[in-house]
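As structure tokens, the structure follows; a few thoughts come after it.
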Amino acid sequence: MAHEDDPLEHERASWKPSPGLAVAVSDPVQPPALPPHRERVTDKDPVAMKHAVRTVYTLFYLSVAASIWAIAAYMLFPIDSGAIVDIRNNNLFVGLGIALALLAIGIAAIHWSKAIMSDKEFIEPRHATRGRDTTRAAAVQAFSDANDDSGFGRRVMIRNSMIAAVVASLAPGIVLFRGLAPEGEDPVTLLEETMWTGGMRLAHDPEGTPIRAADVTLGSAVHVIPEALAELDHSEGYLEAKAKAIVLLMRLLPEDLNETPERADWSYDGIVAYSKVCTHVGCPVALYEQQTHHLLCPCHQSQFDVANGAAVIFGPAARPLPQLPITIDEEGYLVARSGFTEPVGPSFWERH
Ligand code: FES
């Protein structure tokens with residue numbers, strides 16, 4: 001079709017780039033340039049520099065004080081007293097101390113690098129990856145220059161305060177580890193003794209209402225505590241007792257349970273009870289998959305097969321969850337036949 005017949009074709013044939021567009025297309029993209037270097041106030045004013053130095057070492061020493069405070073708070077509010085108010089205060093003040101110690105180190109380090117260390121700008125050209133002797137010597141020189149520029153060797157107050165702050169910030173962690181080991185008591189004995197005894201009713205956590213076998217539906221998983229625990233005052237070792245005695249109750253079809261002859265009477269009509277404390281490092285095993293009958297520990301993904309004695313089928317746990325033998329009383333409530341027959345919880349203690 002001729003141009004005069006098609007206005008669009010005519011338009012295309014007569015198109016020329018606009019001058020602005022031609023410039024944009026022909027210009028290669030320029031590498032971004034560095035903005036002009038601005039001198040900092042600490043480079044120009046010795047008083048400001050002095051002030052910045054003082055701020056940095058004050059922050060490092062503040063960090064030391066906060067670490068000491070964290071340790072003091074740990075001792076002032078002992079968690080082993082069992083009182084909930086002490087546990088709250090311990091968490092609050094130890095946490096605040098550690099947070100302040102780390103925050104002060106962070107702010108001091110940033111302020112030091114921004115206001116005091118050299119802010120010379122460098123362009124590093126690409127070079128062959130293999131270093132020659134001259135390159136190595138240059139690297140050593142660069143470290144030495146950096147030392148001079150940062151004043152790490154020269155500014156003794158900052159250097160010493162920083163070392164003190166970093167070392168002190170580790171101390172609360174070391175002290176807190178003390179709380180992981182029970183004082184003066186054999187951990188195995190501690191984990192062997194729970195509140196469960198023969199005849200004690202199983203109760204809902206946290207309400208403490210006893211559980212009838214008839215109310216446990218097929219496929220359900222119920223969080224259970226000993227009935228006696230609900231009667232315990234919350235300030236009298238409640239948490240410690242609960243941490244050891246907490247149990248998960250599940251109902252399966254009786255024919256799905258593969259029970260060993262010794263444990264044939266440890267369940268009641270397909271209802272089984274297992275310690276909820278993971279045998280790896282003690283997290284609560286709380287995720288129940290009713291189709292597969294698997295219990296999952298969310299901490300490190302250990303899986304236990306409820307249909308087969310809570311045997312470990314995956315993950316780092318080294319032994320099955322301890323089973324609580326159960327039956328019912330004359331009113332139809334679920335009760336323990338006895339306490340656990342083995343220690344609950346982690347397996348890393350040296351066992352008898
Ligand atoms: S605590 Fe359960 S898998 Fe680690």
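Only this structure's heavy atoms are used, side chains among them; waters, hydrogens and symmetry mates stay out. Just so you know, ligand 1 is whichever comes first in the structure, and atom 1 is the first atom listed for that ligand.
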- Message: For Asp133, is the CG atom crowded, meaning more than 12 foreign heavy atoms sit under 6.0 Å from it?
- Response: no
- Could you tell me which atoms of ligand 1, counted from 1 in the order shown, lie closer than 4.0 angstrom to a heavy atom of Ser302? 3 (S)
- Task: Please could you name the atoms of ligand 1 that Cys283 approaches to less than 4.0 Å, counting only its heavy atoms?
- Result: 1 (S)
- Give the numbers and elements of all ligand 1 atoms closer than 4.0 Å to a heavy atom of Cys297. 1 (S), 2 (Fe), 3 (S)
- Message: Rounded at 0.5 Å granularity, tell me how far CG in Leu249 sits from NZ in Lys276.
- Response: 12.0 Å
- Message: Check for me whether the distance between the ring centres of Phe304 and Tyr274 falls short of 6.0 Å.
- Response: no
- atom 4 (Fe) of ligand 1 - closest N/O/S atom in His280: ND1
- When you look at NE2 of His51, are more than 12 heavy atoms from neighbouring residues, nucleotides or ligands closer to it than 6.0 Å? no
- State whether the SG distance for the cysteine pair Cys299/Cys283 is less than 2.5 Å. yes
- Identity of the N, O or S atom of His300 lying closest to atom 4 (Fe) of ligand 1: ND1
- Could you tell me which atoms of ligand 1, counted from 1 in the order shown, lie closer than 4.0 angstrom to a heavy atom of Cys278? 1 (S), 2 (Fe), 3 (S)
